[in-house]
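Numbered from 1 within each chain, the chains take letters A, B, ... in sequence-line order.
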Protein chains: 2
Amino acid sequence: MTNWEADDATATYVADVAEYWERGGFSHAAGQILGHLMVCEPAEQTQAELAEALGLSAGTVSTQLKILLAVEMVERVRSRGVRTSFYQVPKNMWTRVLASETSRIGGLRGLADQGLKVLPQTRPDRIVSLDQMVRFFEHEWPQLEERLEEFLRKEES
Amino acid sequence: MTNWEADDATATYVADVAEYWERGGFSHAAGQILGHLMVCEPAEQTQAELAEALGLSAGTVSTQLKILLAVEMVERVRSRGVRTSFYQVPKNMWTRVLASETSRIGGLRGLADQGLKVLPQTRPDRIVSLDQMVRFFEHEWPQLEERLEEFLRKEES
DNA sequence: TCATGTTTTTAGTTATACCTGAAATCACTG
DNA sequence: CAGTGATTTCAGGTATAACTAAAAACATGA
């Protein structure tokens with residue numbers, strides 16, 4: 001109860017970000033960390049600062065950060081001469097998140113291939129439409145990523 | 001233990017589909033139902049048949065079907081003169097799923113707008129890049145959906 | 001290498017989601 | 001509108017995930 005959040009607006013923001021990502025499968029604590037790192041000052045925070053700001057235990061912060069680091073939505077920053085690590089939202093976070101979508105498409109590719117081998121007599125479209133959808137995205141997704149990069153380049157002006 | 005699955009191949013398929021969707025936030029039972037409905041014969045199944053085939057209780061089938069119906073990955077079919085409802089994978093399931101992505105983008109739009117109001121002094125890109133990403137998809141997603149429809153039209157031949 | 005502060009791991013508690021079996025409700029046929 | 005089968009709801013038990021507090025492991029500056 002020392003310094004929960006700078007002000008009400010950012011506190012609300014942290015809660016909203018947490019709620020959004022909770023639906024995406026993250027824990028509430030992970031969502032809070034993400035939300036805080038979106039708006040905190042400075043942008044780089046230690047585990048102790050995160051725990052303090054959000055009222056979480058050291059263990060929770062450690063565990064949830066590990067998850068966020070694994071999906072590359074947070075990165076660790078270490079500077080020479082300082083014993084403590086800092087954590088921050090990486091510069092190109094969204095590009096990374098989008099890239100990870102490729103592996104999810106890969107999962108569906110597996111289900112489509114397997115499905116074609118057990119293709120049902122009636123309504124084979126149940127499998128075929130999945131295969132079509134996957135083929136479509138295997139073709140489109142790389143292009144979309146390229147267009148995103150181009151879009152971001154143009155925004156820098 | 002009466003008629004668990006037609007054969008080993010489809011049983012494996014059901015398990016794999018269940019595993020995939022479990023990572024997507026569904027329960028194991030919901031994933032099983034989805035997998036079974038992808039390959040079962042006939043394509044339309046009653047709750048009792050689903051419960052029997054997958055070894056689930058009537059309550060579980062009812063509850064999980066409700067969820068699958070809500071996200072439109074399963075549809076209910078009722079025919080005159082028959083007291084029982086049937087459940088099946090809808091013809092255009094993937095189009096529906098893709099369409100629901102629009103609302104998720106909408107959620108991010110909200111986070112971006114709110115974030116711009118509490119824009120941090122340092123590393124404002126933490127919010128700005130989110131806003132850019134959302135703007136990109138607000139522009140691209142409808143086009144992508146159109147291209148998907150065109151792609152599916154061409155496949156019908 | 002030591003000393004110190006940071007991070008991770010572990011054990012234990014609490015909260016939540018899942019599933020079952022049974023009762024209640026609902027919908028349709030005759 | 002009564003009877004029957006299908007579906008939903010509810011209470012209870014079980015498994016799992018989240019979180020905490022404390023101990024262990026780790027890393028770094030001196």
Among [options], the one nearest [X] by side-chain distance:
X	options	result
A/Arg83	C/dT4, D/dT7, D/dC19	C/dT4
A/Thr60	D/dC19, C/dC19, C/dT9	D/dC19
B/Ser62	D/dT8, D/dC19, C/dT9	D/dT8
A/Lys66	D/dA18, C/dT9, C/dT8	C/dT9
A/Ser27	D/dC19, C/dC19, C/dT7	D/dC19

Taking atom types as modelled, find out whether [X] and [Y] have a side-chain donor-acceptor pair closer than 3.5 angstrom.
X	Y	result
A/Ser57	A/Thr60	yes
B/Gln88	B/Glu75	yes
A/Ser27	A/Gln64	yes

Notebook entry, point to check: With under 30° as parallel and over 60° as perpendicular, where do the rings of A/Trp21 and A/Phe26 fit, or are they tilted in between?
Noted result: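 Aromatic pair A/Trp21/A/Phe26 classed perpendicular.
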In whole Å, I'd like the distance from the [atom1] atom of [X] to the [atom2] atom of [N].
X	N	atom1	atom2	result
B/Arg76	D/dT8	CZ	P	5 Å
B/Phe26	C/dA17	CZ	C1'	15 Å
A/Ile67	D/dC19	CD1	P	9 Å
B/Ile33	D/dT7	CD1	P	13 Å
B/Gln47	C/dC26	CD	C1'	13 Å
A/Leu65	C/dT8	CG	P	8 Å
B/Leu69	D/dT7	CG	P	11 Å
A/Arg78	D/dG29	CZ	C1'	13 Å

Checklist line | Side-chain donor or acceptor of B/Ser103 paired with backbone N/O of B/Gly106 under 3.5 Å | finding: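 Between the backbone of B/Gly106 and the side chain of B/Ser103 there is no qualifying donor-acceptor contact (under 3.5 Å).
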Next item on the list: With DNA chain D as reference, determine whether A/Ala29 or A/Ala58 sits nearer its 5' end, using the nearest nucleotide of each.
Entry: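 Checking each residue's closest nucleotide, the 5'-ward one belongs to A/Ala29.
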Note to self: Does C/dT7 have OP1 or OP2 under 4.0 Å away from a side-chain N or O of A/Ser85?
What the structure shows: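 Yes.
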Note to self: At 4.0 Å (heavy atoms only), tell me whether A/Val82 reaches a base, stays on the sugar-phosphate, or touches nothing.
What the structure shows: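 Result for A/Val82 = sugar-phosphate.
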